[in-house]
Amino acid sequence: MEQAYVRDLARFAGSEVVIKGWLYNKRSSGKILFLEIRDGTGIVQCVAQKKVVGEESFKAADTLPTESSLVVEGKVRADERAPGGFEIDVSSIKVVHVSEEYPITPKEHGAKFLMDHRHLWLRSRKQSAILRVRHAVIKAIRDFFDGRGFICTDAPIFTPAACEGTTTLFKVEYFDQAAYLTQSGQLYAEAAAMALGKVYTFGPTFRAEKSKTRKHLTEFWMVEPEVAWAELEDVMKLAEDFISYIVAFALDRSKEDLKILERDTAKLENVKAPFPRVSYAEAVAQVAGTGTEMKWGEDFGAPQEEALASLYDKPIIVHRWPAAIKAFYMKRDPADPKVALCLDVIGPEGYGELIGGSQREDDLAELTKRIVAENLPMEAFKWYLDLRRFGSVPHGGFGLGLERTVSWICGTKHIRQTIPFPRMLNRLTP
RNA sequence: UCCCCGAUAGCUCAAUCGGCAGAGCGAGCGGCUGUUAACCGCUACGUUAGAGGUUCGAGACCUCUUCGGGGAGCCA
């Protein structure tokens, strides 16, 4: 008899199958027993009758604790009463392992309790759905860049110094010297772009900021494309095409999971390039127009970000920020040296910055000047400056936070549910 | 680092003015032939985060500590 996965049950309607899985929930009624079995692809209700499976088997199943592993055989039958549209008329039940008392019950739990049991919480319907969406988003990211001729050139995780010099880094022992966990693969991506033209890095990044918010993790995944011969306009175009592709892909592939998550997908259907583009100066005026306080030269706080997002129904590209509040490697606008040729993409519905990027400074003298001005260790950037010595070209790119994107697409309140095992301030286990 | 909030049964929470520490879920036992977080009956389950203080009496009030949640800053 063939093993069937719950996701594919429609194909097996009317035939005998084997389901291998875990007991998600059960309801019994004396002589009839409803077993909800999950197998990683979905949950199916299996109907066992005492007269069919026998007294002993019935009793064993009737007292089986949640999350026990079992193998059932039975016939697939379409039934409107069953969640998912199909159920199994059970002919035999084989218990593989009787679970101990399972800590996660069908009732509500607090965030700490669930995170302490993250290794088990992953089994629940919504958490599984989120991880499948995350997988789809990763696939979309790879497909998008592959389709456009980008080469994946991953960056090292151990780095000798800060990329941006601003945020706090995790320090680790690297034999007899200090090293830091990377906060961005960008500088390495720039080098690779000078070799291969269009590249991206995709991997974990680390920020030792003591953030305690719904938008932050200390370890998160970031994808960073970098393109030689690209100017700000090209980077903005790439960013909006990229986000549009990811959202369309997820809407197509993750329909069922988004339904499980009760995501209002109408808001995602809108997300198609082009996105509204506003300069920082325009954005400041628009934010001030909503009554939220904002002056030129200030960075956007959460209230300002939300005020701006509330004016649009798509992600917004805010470009040409004051150079003083942006990273040293961003190229100044020749038309207005007070601003940098950079962009942020602010997600709708309060999900914050999805993307930060820029055209890079390609002039050796300018870049050297900025490294000195910001007191960065020149020695550590020696190789980076070489990129401006040997055939420097205009280039640029951006970084997109995977978990923030998944959080937005899934509509989760907190980013911590969008990575299998989140690392946060106060959270290193499980 | 700063601001706000919280910690009571395995879990989620309640406990009025400071006066016998409770409910639902989960667990155990029993019942029920179509249940949908099934339902019904019974049973067991407490160092009220820790230390100190006020009081005839503290889960509640005060002080400190620990741990956690949300936000600010910073960012993706």
Side-chain angles (χ1 to χ4, degrees), chain A residues 24-36 43-52 58 62-63 65-67 77 79-84 87 89 99-117 121 124-125 163-169 182-186 202-224 239 243 298-305 325-327 344-347 351-357 398-408 413-416 418-419 424-427:
Chain A
Y24 194 72
N25 198 4
K26 69 170 193 291
R27 294 172 282 276
S28 81
S29 186
K31 290 172 184 168
I32 188 165
L33 176 61
F34 300 92
L35 302 167
E36 280 192 290
I43 297 173
V44 64
Q45 174 164 289
C46 303
V47 187
Q49 303 205 50
K50 196 185 260 182
K51 65 184 178 197
V52 177
F58 187 88
D62 198 16
T63 57
T66 302
E67 286 301 320
R77 176 171 46 76
D79 194 311
E80 278 185 6
R81 291 168 294 186
E87 59 184 26
D89 285 324
S99 175
E100 291 179 24
E101 186 180 331
Y102 195 63
I104 300 175
T105 68
K107 283 281 177 180
E108 285 169 28
H109 297 283
K112 178 183 171 7
F113 177 84
L114 289 169
M115 268 307 164
D116 284 342
H117 295 84
W121 189 27
S124 68
R125 203 190 303 254
C163 289
E164 306 185 12
T166 52
T167 48
T168 318
L169 300 170
T182 185
Q183 61 174 178
S184 164
Q186 183 205 313
F202 192 13
T205 51
F206 307 86
R207 304 280 164 93
E209 293 295 338
K210 295 197 170 175
S211 300
K212 284 172 73 172
T213 80
R214 290 177 287 179
K215 290 180 194 168
H216 292 86
L217 297 167
T218 55
E219 177 182 320
F220 65 97
W221 282 64
M222 186 155 70
V223 54
E224 296 175 281
I243 289 180
E298 290 172 353
D299 206 345
F300 276 50
Q304 285 78 22
E305 229 168 66
I325 56 171
K326 287 290 177 181
D344 279 5
V345 179
I346 297 172
Y351 284 93
E353 257 183 80
L354 299 173
I355 276 180
F398 59 78
L400 172 128
L402 174 66
E403 288 77 15
R404 278 197 190 168
T405 305
V406 174
S407 181
W408 165 49
K413 200 172 152 199
H414 203 300
I415 195 172
R416 65 184 156 203
T418 62
I419 187 165
M424 300 176 285
L425 182 67
N426 304 328
R427 172 68 59 191

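Reminder, nothing fancy here: chain letters follow the sequence lines and each chain counts from 1.
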Is there a side-chain contact between A/N426 and the phosphate of B/rG68, meaning an N or O under 4.0 Å from OP1 or OP2? yes

Under the salt bridge (Lys or Arg N to Asp or Glu O under 4.0 Å) test, which residues partner A/E36, sequence neighbours left out? A/R27

Across all chains, not counting sequence neighbours, the salt bridge (Lys or Arg N to Asp or Glu O under 4.0 Å) partners of A/D79 are A/R77, A/R81

Just by modelled atom types, is the A/T213 backbone N or O under 3.5 Å from a matching donor or acceptor in the A/S211 side chain? no

Closest to the A/K112 side chain: B/rG34, B/rA76, B/rC67? B/rC67

Which nucleotide sits closest to the side chain of A/E305: B/rC32, B/rC75, B/rG10? B/rC75

Give one of base, sugar-phosphate or nothing for [X], where a contact means two heavy atoms less than 4.0 Å apart.
{"X": "A/T66", "result": "nothing"}
{"X": "A/E87", "result": "base"}
{"X": "A/L217", "result": "base"}

Whole-Å distance between [N] [atom2] and [X] [atom1]?
{"X": "A/D116", "N": "B/rU12", "atom1": "CG", "atom2": "P", "value": "10 Å"}
{"X": "A/Y102", "N": "B/rC25", "atom1": "OH", "atom2": "C1'", "value": "16 Å"}
{"X": "A/F300", "N": "B/rC74", "atom1": "CZ", "atom2": "P", "value": "13 Å"}
{"X": "A/M222", "N": "B/rC75", "atom1": "CE", "atom2": "C1'", "value": "10 Å"}

When A/Q45 and A/F113 are each assigned the nearest nucleotide of RNA chain B, the 5'-most assignment goes to A/F113

Distance between the P atoms of B/rA60 and B/rA49, in whole angstroms? 8 Å

Does any donor-acceptor pair link the side chain of A/H216 with the base of B/rC75 at a separation under 3.5 Å? yes

Report yes if a donor N or O on one partner sits less than 3.5 Å from an acceptor N or O on the other, where the partners are the side chain of A/R404 and the base of B/rC75; otherwise report no. yes

Would you call A/D116 and A/R427 a salt bridge, taking side-chain N to carboxylate O under 4.0 Å as the test? yes

For nucleotides 70-72 of chain B, list the nitrogen or oxygen atoms of the protein found under 3.5 Å from its nitrogen or oxygen atoms, one pair per line.
from, atom 1, to, atom 2, distance (Å)
B/rG70, OP1, A/H414, NE2, 3.2
B/rG70, OP1, A/R416, NH1, 3.4
B/rG70, OP1, A/R416, NH2, 2.9
B/rG71, OP1, A/R214, NE, 2.2
B/rG71, OP1, A/R214, NH2, 2.6
B/rG71, OP2, A/R214, N, 2.7
B/rG71, N7, A/K212, O, 3.2
B/rA72, N6, A/K210, O, 3.4

Do [X] and [Y] have side chains that approach each other closer than 4.5 Å (heavy atoms only, starting at C-beta)?
{"X": "A/V406", "Y": "A/W221", "answer": "no"}
{"X": "A/H216", "Y": "A/M424", "answer": "no"}
{"X": "A/L402", "Y": "A/V223", "answer": "no"}

By centroid distance (under 5.5 Å) and plane angle (under 30°), are A/F220 and B/rA76 in a stacked arrangement? yes

Testing A/I243, A/I415, A/T418 for side chain to side chain contact (heavy atoms under 4.5 Å, CB included) with A/W408, which one passes? A/I243

What orientation do A/F113 and A/H109 show, parallel under 30°, tilted 30 to 60°, or perpendicular over 60°? parallel

Output all residues satisfying side chain to side chain donor-acceptor pair (under 3.5 Å) with A/K326, sequence neighbours left out; order by chain, then residue number. A/D344

Is the glycosidic torsion of B/rC17 within 90° of 0, making it syn, or is it anti? syn

Detail all sub-3.5 Å separations between protein N/O atoms and N/O atoms belonging to nucleotides 45-50 of chain B.
none

Structure string for RNA chain B in dot-bracket form, Watson-Crick and G-U at under 3.5 Å, | interchain: (((((((..((((.....[..)))).(((((.......))))).....(((((..]....))))))))))))....

